[in-house]
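Below: the structure, in structure tokens.
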Amino acid sequence: MFYISGARLVDDKQVRIASTKIVGLGHKKAIQVRYRLGISGNIKIKECSKYQIDQIEEMIGQDHVVHWELKRGERADIERNISIPCYRGIRHQDGSPLRGQRTHTNARTCRKLIRK
């Protein structure tokens with residue numbers, strides 16, 4: 001069992017499939033990383049050497065925004081929207097749906113939070 005950027009990679013899966021479990025790394029980016037390192041398409045995580053795992057982790061850390069950095073960026077964007085009184089910031093502050101969803105009969109969770 002290997003951990004890369006806070007994500008546990010399953011040993012039985014191929015490298016391109018297992019690396020999509022990393023937050024911020026999708027299918028295409030996983031294939032790009034594998035291709036740039038010259039790792040075979042059919043190789044599984046348990047067949048990779050420690051050196052190859054370290055290379056994957058280093059390349060992901062250098063080239064891609066993943067895990068905590070991604071979440072920190074999202075939180076900073078929300079805080080910025082709240083600090084400037086725009087529509088999305090006000091909706092974030094109230095805990096209401098942001099993207100035009102119906103709130104009269106749906107969005108019960110956020111309406112429950114507003115009532116209390």
Distance (rounded to the nearest 0.5 Å) between [X] [atom1] and [Y] [atom2]:
X: E57; Y: I22; atom1: CD; atom2: CD1; result: 8.5 Å
X: I56; Y: I4; atom1: CD1; atom2: CD1; result: 5.5 Å
X: Q52; Y: I39; atom1: CD; atom2: CD1; result: 5.0 Å
X: Q55; Y: L37; atom1: CD; atom2: CG; result: 5.0 Å
X: L9; Y: I17; atom1: CG; atom2: CD1; result: 12.0 Å
X: I82; Y: R91; atom1: CD1; atom2: CZ; result: 13.0 Å

- request: Would you mind reporting whether N106 and Q101 have side-chain heavy atoms less than 4.5 Å apart?
  value: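 Answer no - side chains too far apart.
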query: So, do V33 and H64 sit near enough that their side-chain heavy atoms are less than 4.5 Å apart?
result: yes
side-chain hydrogen bond (donor to acceptor under 3.5 Å, both in side chains) contacts touching residues 15-32 (sequence neighbours left out):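 Listed once each, the pairs are Q14-R16.
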field: side-chain hydrogen bond (donor to acceptor under 3.5 Å, both in side chains) contacts in which one or both residues fall within residues 68-77, not counting sequence neighbours
entry: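 Residue pairs passing side-chain hydrogen bond (donor to acceptor under 3.5 Å, both in side chains), neighbours aside: R75-E79.
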statement: Smallest heavy-atom separation, V15 atom then C48 atom, equals CG2-SG, 3.6 Å
query: So, for I53 and F2, which heavy atoms are closest and what is the spacing to 0.1 Å?
result: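 It is CG2-CD2, 4.0 Å.
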field: Electrostatic pair K44:D12 at N-O distance under 4.0 angstrom
entry: no
message: With a 4.5 Å cut-off on side-chain heavy-atom distances among I, L, V, M, F, W and Y, is there a chain of contacts connecting I45 to Y3?
response: no
message: Among L25, I60, V23, L70, which residue satisfies the side chain to side chain contact (heavy atoms under 4.5 Å, CB included) criterion with V65?
response: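 Per the side chain to side chain contact (heavy atoms under 4.5 Å, CB included) rule, the option paired with V65 is L70, out of L25, I60, V23, L70.
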